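All ligand and atom numbering here is 1-based and tracks the order in the structure. All figures in this text were calculated on a predicted structure; none of them were measured in a lab.
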Amino acid sequence: MAGVEQRQNKSGGGGKKKEVKKETGLGLSFTKDENFGEWYSEAVVNGEMIEYYDISGCYILRPWAISIWEIMQTFFDAEIKKMKIKNCYFPLFVSPGVLQKEKDHIEGFAPEVAWVTKSGESELEVPIAIRPTSETVMYPYYSKWIRGHRDLPLKLNQWCNVVRWEFSNPTPFIRSREFLWQEGHTAFATKEEADTEVLQILELYRCIYEEFLAIPVTKGRKSELEKFAGGLYTTSVEAFIPNTGRGIQGATSHCLGQNFAKMFEINFENEKGEKGMVWQNSWAYSTRTIGVMVMVHGDDKGLVLPPKVAALQLIVIPVPYKDADTQGIFDACVATVATLSDAGIRAEADLRDNYSPAWKYSNWEMKGVPLRIEIGPRDLANNQVRAVRRDNGAKTDISRVFLVEQVKGMLDKIQQNLFDVAKQKRDACVEVVKTWEEFVTALGQKKLILAPWCDEEDVEKDVKARTKGDMGAAKSLCTPFEQPELPEGTKCFASGKPAKKWTYWGRSY
Ligand code: 86X
C-alpha cells in the first residue's frame, strides 16, 4: 500500500521510492479530508519542498521551500531596517554557565536542549549546548555594550537556525528539531518605547501571514499560563487549521519587561546621572509559516502557493498536437515567458520533451504554481493563450495583446481569493460559547472557540485538566485585541465567575 511505502520513505534517505507515483505523476494518494497527516507529508514531499532525512525531526528544505522563506525574509528584513533594527550574528554554541544563568525559565525547557559532548573520540572537558533561542547568548553582551542612555535603544536581529530536541510528533515546518527563524532582541530606556515596538513587530507578522501567505490571523495577547514565562507579556498572531480543528501560534512578539535586565545586569545611566534598568523585547517568526501555508491552502492535488510568495508564479506549457507547428508553439511559449519576465512576473516554460502536457499539468499543480498557461495550435492561430488558475481551476483565454495586464490581474485575484476562502473557512469554524456544556460540544466539533473568561490562571489549568485526552487538552489561544462587546453580568464559561474578556480557546499545535 502507498501508506506503508510512504512510512518507509519517511524513515530516511534509505527508504523505498514510490516508483508508481513518481512515474505517472498522478498526484497524491491521500486526501486532505480523509487522512490529513499523511496528506500533509505527501504534499510537502511530492511538492518538492521537503525531503525526509535520516534523523527524526530533521528535514531537508529544498529550493521550492527556501525560495518562499527568502521572499518573506526580504520583506521583513527591509521593514525592520526601516525601524533602525540592525542584523548581527551570535554563535550557535552556548556555554553551560551562561545557559544556566537564567535558570528559572530554562528549567521547563531543559530536556529540549541539545549538547555537544565530544570532539572526535575525546570527551569535551566542558560540554557545550546548542542554542534553543539566544537570550542567554546575547544578553551578557547587551550588559557590556549598554552603559549610558546614548547606547539606547539597542535593536538587534539575527537570521539563524535553532535546535530544540522535541519528543512530541515531529512535523515538517510545524514542529522540527532544527528550524530557521529570525529572532529580534531590543532594549529601550522606557517601557513606552518597548510597548510600541511590540505592536509594530506584531503588525509585520500579521502582514506576512495575511498579505503574503494569504492566511487570516488574529492578533492578541497570551494568557499568563501561555505567555513566555521569562517575559512580562506575550502578543501573538494566531492561525487556525480547519481540517484538524487546531489553532497554531503563527509568530510571537514579547515585552520582556525588566526581568532579563535584572538577571543579566543590563543597566544604564540616564541624562540626570541616575541608574536605570533597560526594558526589553524579543520577537520571532520561523519556517513554521510555510507549514501553516501548506495546511491552509493545499488541496488534494498538492500545494497551492499564493502568488506573492511563489518562486514561480506562472508556468507556460506547450500543447503540441501531432501535426501542429511544434516549433511555432515552442517559440510562442518562449516569447510569452520573455514578455512576462520583463514585466516582473516570475514565469518559466516547461519545454521538456519527455513528459506529456497532462503529466506536466499535474506535476505543476502538485507544486502549487498559481497560474498555468497552455499554448496549443488553436491558441497560436488566434494569437491567444489559455490561462488556468490553480486555486479554482478557472480557465480563461487571453489575447497576447493584453497578456501582461491580464496575468497581473489574475495573480492579484488568486492572492485575494486564497485569503477570502481561507477566511470564510476559518470564520465558519468560530463558535461563540457561554457555558461549559457548549464549550465541550464545540471542542468535539473541532471549533475555534470564543468564550467569555474570568482570566484566572487556575481556571485555565482546570480547563486543561478537564479536557485532557489522547487528542490533547484545550487551552487558551489568545485574547484578541479586537474585543466583541461583553455585556454586564456575563459569566466565565468555565468558572461561572464574572467574565473579564473574550478569549479564543481550542486544541493547538
Ligand atoms: C521561549 C522566547 C523568545 C526569542 C521568543 O519567543 C522570540 C525569540 N526567544 C523563546 N523558549 C525558550 O526560552 C526556550 C529555552 C530553552 Cl533552554 C529551550 F530548550 C527551548 C525554549 N523554547 C522556547
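Of the residues Thr186, Asp195, Leu152, Leu232, the one that meets the side-chain contact (heavy atoms from CB on, under 4.5 Å) test with Trp279 is Leu232. The side-chain contact (heavy atoms from CB on, under 4.5 Å) test with Phe173 is passed by exactly one of Val292, Thr289, Leu61: Leu61.
Cation-pi geometry between Arg164 and Phe179 is not satisfied (NZ or CZ under 6.0 Å from the ring centre, within 45° of the ring normal).
Annotation for ligand 1: atoms under 4.0 Å from non-hydrogen atoms of Ala284 are 7 (C), 8 (C). Per-residue contacts place His185 under 4.0 angstrom from the following atoms of ligand 1 (heavy atoms of the residue considered): 4 (C). Residue-ligand proximity, Glu112 to ligand 1, at heavy-atom distances under 4.0 Å covers atoms 19 (F), 20 (C). The ligand atoms of ligand 1 that sit less than 4.0 angstrom from a heavy atom of Thr252 are 6 (O). Proximity to Pro132 (heavy-atom distance under 4.0 Å) selects the following atoms of ligand 1: 16 (C), 17 (Cl), 18 (C), 19 (F), 20 (C). Residue Val113 approaches ligand 1 through these ligand atoms, each under 4.0 Å from one of its heavy atoms: 17 (Cl), 19 (F). Short contacts between ligand 1 and His254, defined as distances under 4.0 Å to a heavy atom of the residue, involve ligand atoms 2 (C), 3 (C), 5 (C), 6 (O), 7 (C).
For a threshold of 3.5 Å applied to N or O pairs, the pair formed by Trp283 and ligand 1 contains no separation below that value. Between Glu183 and ligand 1, no N or O atom pair is found at a separation short of 3.5 Å.
Protein heavy atom closest to atom 13 (O) of ligand 1, with residue, atom name and distance, is His105 NE2, 2.8 Å. Atom 22 (N) of ligand 1 has as its closest protein heavy atom Arg164 CZ, 3.1 Å.
Heavy-atom proximity to atom 20 (C) of ligand 1, evaluated over Tyr285, Trp165, Phe109, is greatest for Phe109. Nearest to atom 2 (C) of ligand 1 by heavy-atom distance, out of Glu135, Lys227, Met138, is Glu135.
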Under 3.5 Å, which donor-acceptor pairs do the side chains of residues 86-100 form with other protein atoms, sequence neighbours left out?
| unit_1 | atom_1 | unit_2 | atom_2 | d |
| --- | --- | --- | --- | --- |
| Asn87 | OD1 | Asn157 | ND2 | 2.9 |
| Asn87 | ND2 | Asp77 | OD1 | 2.8 |
| Tyr89 | OH | Arg131 | NH2 | 2.8 |

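Two rings, from Tyr139 and Phe260, have their centers less than 6.0 Å apart. Close placement of the Phe493 and Trp505 rings is indicated, their centers lying within 6.0 Å of each other.
Using a 30° and 60° split on the angle between ring planes, Trp145 and Tyr141 fall in the tilted class, from 30° to 60°. Using a 30° and 60° split on the angle between ring planes, Trp159 and Tyr285 fall in the perpendicular class, above 60°.
Applying the salt bridge (Lys or Arg N to Asp or Glu O under 4.0 Å) criterion to Lys308, with sequence neighbours excluded, gives no partner residue.
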